[in-house]
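Just below is one structure, and these are the notes that go with it.
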Amino acid sequence: MKNFEYVLPGSLEEASKAAADGGAKLKAAGVDLLDEMKNTVATPDKVVNLLSVGGMREIVRTKDGWRVGALVTLAQLADSRLPAAITAAAGEAATPQIRNVATVGGNLCQRPRCWYYRNRAYACLRKGGTVCYALEGENRYHAIFHNDACAIVHPSNVAPALLALGATVVTNRRSIPIEEFFVLPSDHVDRENVLEDGEIVTEVQVAQSRWSSAYREERERDSFDWATVSAAVALRMDGAVVKDARVVLGAVAPVPLRSKEGERVLIGQRLTEKIAQAAGEAAFKGATPLSDNAYKRLVGPANLKRAILSAGL
Amino acid sequence: MRKRKTQVALRVNGEDVEVAFVPHKTLLEVLREDLGLTGTKHGCELGECGTCAVLVDGKPVLSCLALALDMEGREITTVEGLAQNGRLHPLQEAFADLGAAQCGYCTPGFLCTSKALLERNADPAREEIEEALAGNLCRCTGYLKILEAVELAAARMRQEKTRGR
Ligand SMILES: Cc1cc2nc3c(=O)[nH]c(=O)nc-3n(C[C@H](O)[C@H](O)[C@H](O)COP(=O)(O)OP(=O)(O)OC[C@H]3O[C@@H](n4cnc5c(N)ncnc54)[C@H](O)[C@@H]3O)c2cc1C
Ligand code: FES
Ligand code: FES
């Protein structure tokens with residue numbers, strides 16, 4: 001790891017100012033950032049430690065929902081009373097040791113896990129090069145939607161769940177509906193979200209609702225692993241009938257991907273296995289798999305179907 | 001703002017120590033290189049294997065992905081700190097009795113992580129042990145003996161407790 005100047009800001013303003021400096025990086029727990037620095041994919045001159053800013057470590061119950069501080073750990077989130085999709089997504093992320101330190105803000109802002117991106121030998125599009133090596137290369141874990149420019153998948157488990165529950169990301173400058181937080185490579189290929197220099201996620205707000213929700217993922221290894229496909233589903237039920245639905249696909253696109261196609265199949269229908277299956281198929285119909293990842297188009301609908309059924313039943 | 005070596009006060013295995021190191025050193029590196037506590041092992045260095053796990057304020061964390069500078073004021077326990085008053089921890093005894101280590105490289109991480117589990121759950125079910133140890137890889141044992149050793153240690157610890165020792 002390259003040496004750096006360690007900045008211990010005493011306030012958000014100080015942190016923001018230090019982070020706005022070119023060559024500076026924000027650090028929360030550092031699980032993702034240290035990995036990037038060890039691989040020398042990130043070589044900051046300054047590391048700005050958010051942990052030294054006070055606060056942002058609590059989940060606060062408000063009259064209409066929850067405020068989750070950016071430094072709340074995934075373990076805290078998994079043990080909380082937030083909607084089921086969110087606690088399940090946090091509880092399935094990474095390993096127990098990692099969940100004890102990894103933060104919600106860091107989870108949302110973590111960089112892609114694409115092996116070309118993480119390998120210093122490849123000057124890929126996302127690192128300022130001219131090619132996405134995954135498009136013609138090894139792309140088993142890559143995107144099957146929006147994969148024409150760069151085929152990363154967004155690595156966060158928690159993001160699809162927060163999107164299904166319509167959460168809001170709050171920064172030191174503004175509130176951003178999570179639906180508008182993540183960006184596609186066709187808009188920005190060098191970052192995954194709308195955050196500007198010196199902008200810091202301070203909390204995530206989740207509204208209380210009568211929607212029931214579920215998160216489900218498939219992975220190669222049972223003990224812990226990155227999802228090959230995941231789905232977060234929130235349903236507003238009236239008896240057995242789906243009044244409204246939010247369906248989000250994870251690990252299949254450079255952003256957590258809302259599927260209006262899947263939602264349309266569900267809304268107004270009595271929830272049955274057949275309808276859940278149809279929604280799963282509709283959600284994956286427009287997929288454009290690469291050479292090695294067509295399996296996601298088969299596993300994805302089955303996983304989504306199960307997520308829908310567990311949200312609604 | 002820190003770039004050169006800084007003097008940092010750490011608390012490791014119940015002792016206060018002063019160490020000087022550069023900001024980019026991980027907790028794993030400081031433990032091994034500056035404090036001579038080589039029980040904690042280097043494995044993948046990327047969070048995948050758990051062999052570097054230590055306890056920070058009683059919770060298992062990966063020392064390869066933690067900056068040592070962030071550890072000021074925290075209570076760090078490594079495998080060297082498990083034995084108390086010259087007696088091995090019941091987990092260490094059970095691992096030895098059942099042959100739950102072969103090459104032993106993964107053992108410190110398993111011991112520290114299991115200790116935290118048994119402190120919050122004195123009688124964990126097999127699935128709970130599996131879940132708690134999901135982030136620890138072992139290339140030798142096939143895991144069965146490790147799970148059995150944790151169960152044996154838990155049973156012995158419960159017994160000692162009821163006997164009031
Ligand atoms: C072996 C392994 C398996 C994993 N498996 C999963 C998995 O299955 N699912 C999953 O979701 N994740 C997984 N992860 C990723 C892990 O959850 C993230 O690395 C972690 O959540 C990052 O949080 P952090 O606090 O350590 O962030 P850091 O590493 O400190 O920061 C990550 C990035 O976010 C930026 N950042 C951090 N906080 C803020 C903030 N408040 N405002 C603005 N920018 C910020 C930093 O600048 C940095 O670029 C895995 C990681 C490992 C090592
Ligand atoms: S060395 Fe830390 S997890 Fe492998
Ligand atoms: S005993 Fe060799 S890796 Fe576990």
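The chains referred to below are lettered A, B, ... by the order of the sequence lines, with proteins before strands, and numbering in each begins at 1.
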Inset, instruction - Determine which residues belonging to residues 95-116 of chain A lie within contact range of chain B, meaning some heavy atom pair is under 4.5 Å apart, and list them by number or answer 'none'. - result: Thr95(A), Pro96(A), Gln97(A), Ile98(A), Arg99(A), Asn100(A), Val101(A)
Legend entry - Lys145(B), NZ: over 12 other non-hydrogen atoms inside 6.0 angstrom: no
Legend entry - Interchain contact, Ala29(A) with chain B, by part (heavy-atom threshold 4.5 Å): backbone
Inset, instruction - Would you indicate whether Glu58(A), at its atom CD, is surrounded by more than 12 heavy atoms from other residues, nucleotides or ligands within a distance under 6.0 Å? - result: no
Legend entry - Greater than 12 external heavy atoms within 6.0 Å of Lys59(B)'s NZ: no
Inset, instruction - Under 4.5 Å heavy-atom distance to chain A, tell me which part of Ala116(B) shows up: side chain, backbone, both or neither. - result: neither
Legend entry - Within 6.0 angstrom of Glu15(B) CD, more than 12 heavy atoms from elsewhere: no
Legend entry - Verdict with supporting geometry, Asp35(A) and Glu45(B), side chain to side chain contact (heavy atoms under 4.5 Å, CB included): CA-CA 8 Å; Asp35(A) 177 298; Glu45(B) 287 284 324; over 6 Å; no
Inset, instruction - Sort Ala132(B) into side chain, backbone, both or neither according to what part of it lies under 4.5 angstrom from a heavy atom of chain A. - result: backbone
Legend entry - Contact class of Glu131(B) relative to chain A, heavy atoms under 4.5 angstrom: both
Legend entry - chain B interface, residue from Val47(A), Leu33(A), Leu34(A) that has the most non-hydrogen pairs under 4.5 Å: Leu34(A)
Inset, instruction - Check whether Asn49(A) gets within reach of chain B through its side chain, its backbone, both or neither, counting any heavy atom under 4.5 Å. - result: side chain
Legend entry - Derivation and outcome, side chain to side chain contact (heavy atoms under 4.5 Å, CB included), residues Lys2(A) and His24(B): CA-CA 7 Å; Lys2(A) 188 182 114 194; His24(B) 70 268; over 6 Å; no
Inset, instruction - For atom CZ of Phe21(B), decide whether the heavy atoms of other residues, nucleotides or ligands shown that lie under 6.0 angstrom number more than 12. - result: yes
Legend entry - Separation between CG of Asn39(A) and CG of Leu46(B), rounded to the nearest 0.5 Å: 6.0 Å
Inset, instruction - Report, by ascending residue number, the residues of residues 218-230 of chain A in heavy-atom contact with chain B at a distance under 4.5 Å; give 'none' if the set is empty. - result: Arg221(A), Ser223(A), Phe224(A)
Inset, instruction - Count the heavy atoms belonging to other residues, nucleotides or ligands that lie under 6.0 Å from NZ of Lys38(A), then report whether that count exceeds 12. - result: yes
Legend entry - Rounded distance [0.5 Å steps], CG in Asp32(A) versus CG in Leu65(B): 9.5 Å
Legend entry - Any Tyr6(A) side-chain heavy atom under 4.5 Å of Leu67(B) side chain: yes
